[in-house]
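Just so it is clear, the model here is predicted, and its values are computed rather than measured.
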Amino acid sequence: MNTVAVIFGGVSTEHLVSCRSAFYVINALKELKYDVLPLGITKAGDWLPLLVEPEVLLTEGWEQAAYKAWHKKHARGLKIKEVFNPRRFFTYFFGKNPEVIFPAVHGINCEDGTLQGFLNMTDIPYVGSGVLASALGMNKIFAKQIWAANKLPVVPYYVVTRDDLAKDSIGLPETSAAVEKVLTYPIFLKPASGGSSVGTFKAGNRSELVAALGEVSKFDREILLEQYIPARELEVAVLGNLQPQAPMVGEILMQADVAFYDYETKYFAAGASSLALPADLPTDLAERILNLAQKAYKVLGCKGMARVDFFLDRCSGALYLNEINSLPGFTATSLYPQAWEKAGINLPALVDQLCRLAIAEHQAGRRVETI
């Protein structure tokens, strides 16, 4: 394995986080002396090779720099190759195909099976889960349904759709009453499909619930409402295909004045949160959480990697699965690479192992017979 393509960006609310993840992944691959082919997706949906230094990914200007470098290459007489099929997609930009694709992407259109379906058609191994597991992991409602069907603990929840809101009267009396039959305030609201806590709200009463429903519906046609749990937020980095491993439980520690672990707190509020690796937990509880993380990963059919998140109720001690991220962040503050670093696998070794897992899964998934 010598050549790895890294896809980043995307038409997603998590575009910026993806670029930061890609920066660290690209540098780790270069440290391993791999030939790296960085391919970005702009906010408008254009695909652009990054023909400049990856440091530009830490700024807002990567798209302009990539466009400029691409046009400059054209001006030197670049011969454009026809793209007859998805497998030739990379040869159009780089003149060759990678041996592995590393999608350093997050959110809808990227982590939800959409991109994975396209990558399947290239017949090139790629890091992470396939179409089905990616789609299930991104949709928090389906993930909960599958976990609950497998006797795994989930937070009490209720689902509201845009159609429900459109059919209701002003003030959403019917919707609010239906929610209140299942959940008590405070209530958490999230887009069914999304990540990095984008579009999440906390409602403490009916008026706040009505306002939050209107806001969250802008992000997704399905809205997930969950019972608020006064909880410790625990996360587990899982690695592997059929026999996944998890090194330790991490905990997100927030300052007292932080309402909840939202997008701003995760990535842009310096000092608002910190990470404890490993979390301060009794040994038997930590083992239980690690085992549950691996079960949650396997029942969804995940491959390669994922981060599994939990709530541990501070009052009752009850443990709940929160959600799963099939392509977790690789930024400087992300738990996933830090957990494995703490376990003795540095970032270059981690991305190398993920690439090798991708090749193994690609080979294992081939059809025995062809047409």
task = Indicate yes or no: does Asp164 engage Arg162 in a salt bridge with an N to O separation below 4.0 Å.
result = no
query = So, do Glu174 and Lys167 sit near enough that their side-chain heavy atoms are less than 4.5 Å apart?
reply = no
request  = Would you check if Phe330 and Val351 make a side-chain contact, meaning some heavy-atom pair closer than 4.5 Å?
outcome  = yes
task = Verify, without hydrogens or angle tests, whether Gln338 (side chain) and Ser334 (backbone) share a donor-acceptor contact under 3.5 angstrom.
result = yes
message = Between Tyr297 (side chain only) and Gln245 (backbone N and O only), is there a donor and an acceptor less than 3.5 Å apart?
response = no
inquiry  = In the structure I gave you, are the side-chain heavy atoms of Val308 and Leu321 within less than 4.5 Å of one another anywhere?
reply    = yes
key: Heavy-atom closest contact (Val154 atom, Ala148 atom, distance)   = CG2-CB, 4.3 Å
request  = Could you grab the distance from atom SG of Cys302 to atom CD of Gln294, nearest 0.5 Å is fine?
outcome  = 12.5 Å
query = Rounded to the nearest 0.5 Å, how far apart are CG of Leu354 and CD1 of Ile359?
reply = 11.5 Å
inquiry  = For the CZ atom on Phe142, are there more than 12 heavy atoms of other groups (residues, nucleotides or ligands in this structure) within a distance under 6.0 Å?
reply    = no
ask   = Okay, side chain of Asn325, backbone of Ala306: is any donor-acceptor separation there less than 3.5 Å?
value = no
ILVMFWY network linking Val249 to Val238, side-chain heavy atoms under 4.5 angstrom = yes
Lys202/Glu208 ion pair, N-O < 4.0 Å = no
query = If only atom types and distance count, is the side chain of Asp168 paired as donor or acceptor with the main-chain N or O of Thr175 below 3.5 Å?
reply = yes
Whether Thr59 side chain and Val56 backbone form a donor-acceptor pair below 3.5 Å = yes
remark   = Ser176 and Val210 have their tightest heavy-atom pair at OG-CG2, 3.6 Å
ask   = Should Val36 and Tyr92 be regarded as members of a common hydrophobic cluster, given that ILVMFWY residues are connected when their side-chain heavy atoms come within less than 4.5 Å of each other, either directly or indirectly?
value = yes
message = With rounding to the nearest 0.5 angstrom, report the CZ to CG distance, Phe90 to Asn97.
response = 7.5 Å
inquiry  = How close do Ala246 and Val236 get, counting heavy atoms only, and between which atoms?
reply    = CB-CG1, 3.5 Å
key: Donor-acceptor pair, side chain of Trp147 and main chain of Ala296, under 3.5 angstrom   = yes
message = Under 4.5 Å between side-chain heavy atoms, counting indirect links through other Ile/Leu/Val/Met/Phe/Trp/Tyr residues: same cluster for Leu189 and Val159 or not?
response = no
key: Minimum-distance pair of heavy atoms, taken over all atoms of Leu50 and Ala66   = CD1-CB, 4.3 Å
inquiry  = Before you tell me yes or no, could you show the steps for Phe310 and Ile289 under side chain to side chain contact (heavy atoms under 4.5 Å, CB included), namely the whole-Å CA-CA distance, both residues' side-chain angles and the distance that decides it to 0.1 Å?
reply    = CA-CA 8 Å; Phe310 295 85; Ile289 294 170; 3.7 Å; yes
note = Separation between CD (Glu233) and CZ (Phe311), nearest 0.5 Å, reads 5.0 Å
request  = Indicate whether the side chain of Asp163 and that of Thr161 have a donor and an acceptor atom separated by less than 3.5 Å.
outcome  = no
query = Are Leu319 and Ile252 joined in one hydrophobic group, where the rule is that I, L, V, M, F, W and Y side chains link up if heavy atoms are under 4.5 Å apart?
reply = no
Atom pair OG (Ser217) and CD1 (Ile223), whose distance is rounded to the nearest 0.5 Å = 5.0 Å
note = Closest non-hydrogen contact found for Ile41 with Trp62 is O-CZ2, 3.6 Å
message = Let me confirm one number: the NZ-CG distance from Lys68 to Leu51, rounded to the nearest 0.5 Å.
response = 13.5 Å
query = Where do Leu312 and Leu285 land on the side chain to side chain contact (heavy atoms under 4.5 Å, CB included) test, with the steps shown first?
reply = CA-CA 10 Å; Leu312 180 63; Leu285 177 58; 3.9 Å; yes
Side chain to side chain contact (heavy atoms under 4.5 Å, CB included) between Glu60 and Leu16, worked out = CA-CA 8 Å; Glu60 296 279 356; Leu16 180 59; 4.3 Å; yes
key: Nearest heavy-atom neighbours spanning Leu242 and Lys298   = O-CE, 3.7 Å
message = Run Thr333 and Leu275 through side chain to side chain contact (heavy atoms under 4.5 Å, CB included) and show every step you take.
response = CA-CA 8 Å; Thr333 59; Leu275 181 62; over 6 Å; no
query = Under a 4.5 Å cut-off applied to non-hydrogen side-chain atoms, are Ile26 and Leu57 in contact?
reply = yes
request  = Please examine the side chains of Leu37 and Val6, heavy atoms only from C-beta on, and report whether any two atoms are closer than 4.5 Å.
outcome  = no
ask   = Under the 3.5 angstrom rule, does the side chain of Asp123 hit a backbone N or O of Arg87 as a donor-acceptor pair?
value = no
message = Applying salt bridge (Lys or Arg N to Asp or Glu O under 4.0 Å) as the test, list every pair that has at least one member in residues 21-46; sequence neighbours left out.
response = Asp35-Lys96
query = Between Ser21 and Ser18, does any side-chain donor sit less than 3.5 Å from a side-chain acceptor?
reply = no
key: Residues, nucleotides or ligands: over 12 heavy atoms within 6.0 Å of Glu55 CD   = yes
inquiry  = Measuring only between side-chain heavy atoms, which start at C-beta, is Leu119 closer than 4.5 Å to Pro103?
reply    = yes
key: Side-chain heavy-atom pair Asn109, Leu115 within 4.5 angstrom cut-off   = no
task = Could you tell me whether the side chain of Asn241 and the main chain of Gly304 form a donor-acceptor pair under 3.5 Å?
result = yes
request  = Taking the side chain as every heavy atom from C-beta outward, state whether Thr13 and Ile108 have any pair of such atoms under 4.5 Å apart.
outcome  = no
ask   = So, for Trp47 and Phe89, is the gap between ring centers shorter than 6.0 Å?
value = yes
query = For the side chain of Thr200 and the backbone of Lys190, is there at least one donor-acceptor N/O pair under 3.5 Å apart?
reply = no
inquiry  = For Arg221, is the CZ atom crowded, meaning more than 12 foreign heavy atoms sit under 6.0 Å from it?
reply    = no
query = Any chance the side chains of Tyr126 and Asn120 put a donor and an acceptor closer than 3.5 Å?
reply = yes
ask   = Can you tell me if Glu226 uses its side chain to pair, donor with acceptor, with the backbone of Val155 under 3.5 Å?
value = no
request  = Treat each ILVMFWY residue as a node, draw an edge where side-chain heavy atoms are under 4.5 Å apart, and state whether Leu136 and Val105 are in one component.
outcome  = no
message = Can a side-chain donor-acceptor contact be found between Thr184 and Gln227 if the only test is distance below 3.5 angstrom?
response = yes
ask   = Under 4.0 Å between a Lys/Arg side-chain N and an Asp/Glu carboxylate O for Arg206 and Glu180?
value = yes
ask   = Restricting to pairs with a member in residues 338-354, which pass salt bridge (Lys or Arg N to Asp or Glu O under 4.0 Å), not counting sequence neighbours?
value = Asp352-Arg356
